[in-house]
Asks: 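Dropping a structure here in structure tokens format, bear with me for questions.
We number each residue from 1, following the sequence as shown. Scope of the values below: all heavy atoms of this structure, side chains included, with no hydrogens, waters or symmetry mates.
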Amino acid sequence: MTDKRKGSSINSYSRVLGGKTFAAISAVEGLKLGRASRERLSTLREKDLTPAQKRAEVLRAYVKPKGR
């Protein structure tokens, strides 16, 4: 069963994880955030950004600018 909102890819089996839950799962998998990632996330928490703006900031950190 899918969500009826136009353009939504969320279905009844989707779940959004909070930061603590994601960190716990990552720890079990042996994954750790690097210093730069921790600092970026800390900065994003301090700013009053929408979820879309936060995603854009994270993507900007990993996408290389054209011409490089």
Side-chain angles (χ1 to χ4, degrees):
M1 174 180 270
T2 57
D3 193 337
K4 301 299 182 198
R5 291 179 285 184
K6 184 177 181 178
S8 176
S9 63
I10 298 171
N11 62 40
S12 62
Y13 301 106
S14 295
R15 298 286 185 264
V16 175
L17 300 177
K20 289 181 182 180
T21 303
F22 186 76
I25 292 169
S26 296
V28 169
E29 298 292 331
L31 304 173
K32 296 180 183 178
L33 285 177
R35 187 178 64 147
S37 294
R38 281 194 310 272
E39 290 173 0
R40 184 181 321 101
L41 289 174
S42 176
T43 301
L44 291 175
R45 285 185 188 115
E46 293 171 2
K47 295 179 180 179
D48 188 26
L49 300 175
T50 66
Q53 290 170 323
K54 289 178 184 179
R55 281 190 296 277
E57 288 292 323
V58 172
L59 287 173
R60 200 176 346 270
Y62 291 99
V63 175
K64 292 181 181 179
K66 290 183 179 180
R68 279 194 178 182

Asks: When rounded to the nearest 0.5 angstrom, what is the spacing between CG in Leu59 and CZ in Arg55?
Replies: 8.5 Å
Asks: State, with a plain yes or no, whether a side-chain heavy atom of Ile25 is found less than 4.5 Å away from one of Leu31.
Replies: no
Asks: Would you find a donor on one side and an acceptor on the other, under 3.5 Å apart, between the side chain of Ser26 and the backbone of Phe22?
Replies: yes
Asks: Where the side chain of Ser42 meets the backbone of Arg38, is there a donor-acceptor pair that is under 3.5 Å apart?
Replies: no
Asks: Ignoring hydrogens and angles, tell me if any N or O in the side chain of Gln53 forms a donor-acceptor pair with the backbone of Thr50 under 3.5 Å.
Replies: yes
Asks: Working to the nearest 0.5 angstrom, can you tell me the gap between Leu41 CG and Lys54 NZ?
Replies: 9.5 Å
Asks: Nearest 0.5 Å, what's the OH-CD distance between Tyr62 and Glu57?
Replies: 12.5 Å
